[in-house]
Amino acid sequence: LQVVKQRFAQRILRRRRQVAEQRSLFEGQALHLWQARFYDFNVWTERKRVEKLRYMHRNPVKRGLVTSPELWRWSSYRASAYGERGPVRVNAWERLPMRIRLPAA
């Protein structure tokens with residue numbers, strides 16, 4: 001993911017610099033693409049896993065979309081709390097059968 005973000009940022013920033021050179025609009029300003037406070041990282045501990053799940057489950061409530069986490073249809077809350085299966089599969093590790101399309105005869 002880091003490489004994808006780096007390459008994307010380099011390409012976009014290169015284009016913006018070219019435009020800035022032509023127009024001199026961004027003279028003296030630093031060009032940033034990604035917000036520093038949002039970054040990806042691996043979750044290694046159970047404590048951190050619970051922290052991140054709570055954050056995700058509370059987001060729809062915090063934004064005023066629902067009154068409680070279990071009411072958000074696209075949340076994994078009900079799967080985590082009650083073991084229910086919802087529209088989004090959570091930790092479904094069973095193998096799915098491959099569908100192979102045979103060439104037309």
Side-chain angles (χ1 to χ4, degrees):
L1 190 56
Q2 180 182 10
V3 172
V4 170
K5 288 171 73 173
Q6 283 176 343
R7 289 184 181 168
F8 178 78
Q10 289 168 355
R11 186 174 52 211
I12 296 299
L13 293 176
R14 187 171 30 251
R15 287 182 189 165
R16 285 188 66 185
R17 284 188 188 102
Q18 289 171 352
V19 170
E21 288 172 5
Q22 292 170 1
R23 296 185 188 166
S24 299
L25 291 177
F26 301 105
E27 198 169 301
Q29 292 182 357
L31 296 175
H32 298 285
L33 186 62
W34 305 109
Q35 293 178 337
R37 66 186 191 134
F38 297 106
Y39 58 94
D40 58 311
F41 63 93
N42 293 323
V43 175
W44 296 106
T45 66
E46 181 64 15
R47 181 178 175 193
K48 190 56 84 171
R49 187 184 76 82
V50 170
E51 174 189 322
K52 297 305 173 191
L53 281 173
R54 282 185 179 157
Y55 171 78
M56 289 188 303
H57 292 154
R58 291 179 182 160
N59 262 335
V61 177
K62 184 177 179 181
R63 301 290 176 221
L65 300 170
V66 291
T67 55
S68 61
E70 62 268 14
L71 297 176
W72 186 246
R73 180 172 186 212
W74 303 108
S75 174
S76 62
Y77 179 84
R78 295 190 71 81
S80 299
Y82 309 119
E84 294 179 8
R85 190 172 186 170
V88 178
R89 297 178 65 168
V90 178
N91 295 334
W93 299 106
E94 68 270 7
R95 289 178 55 144
L96 298 174
M98 286 181 59
R99 287 190 248 166
I100 300 172
R101 190 181 333 177
L102 298 174

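Residues: numbered from 1 along the sequence shown. Below, all heavy atoms of this structure are taken into account, side chains as well, without hydrogens, waters or symmetry copies. Model, not experiment: these values are computed from the prediction.
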Chemist: Should Val66 and Val61 count as side-chain neighbours, where that means a heavy-atom distance under 4.5 Å?
Modeler: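 Yes, at least one pair of side-chain atoms sits under 4.5 Å.
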Chemist: Assigning hydrophobic clusters by single linkage (Ile, Leu, Val, Met, Phe, Trp, Tyr; side-chain heavy-atom cutoff under 4.5 Å), is Tyr77 placed with Leu71?
Modeler: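 The answer is no; the residues belong to distinct hydrophobic clusters.
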Chemist: Quick one: which residue pairs count as a salt bridge (charged side-chain N to carboxylate O under 4.0 Å, His left out) with a foot in residues 52-73, not counting sequence neighbours?
Modeler: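 Applying salt bridge (charged side-chain N to carboxylate O under 4.0 Å, His left out) to every pair that reaches into residues 52-73, excluding sequence neighbours, yields nothing.
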Chemist: What closest approach, in Å, do Ser75 and His57 show between heavy atoms, and which atom pair accounts for it?
Modeler: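 The pair with the smallest heavy-atom distance is OG-CD2, 3.4 Å.
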Chemist: With no hydrogens and no angle check, is any side-chain donor or acceptor of Thr45 less than 3.5 Å from a backbone partner on Lys48?
Modeler: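 Yes; judged by distance alone, with no hydrogens or angles, the pair exists.
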Chemist: According to a 4.5 Å side-chain heavy-atom criterion applied to Ile, Leu, Val, Met, Phe, Trp and Tyr, with indirect links allowed, do Tyr55 and Val50 form part of one hydrophobic cluster?
Modeler: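 Shared cluster, no.
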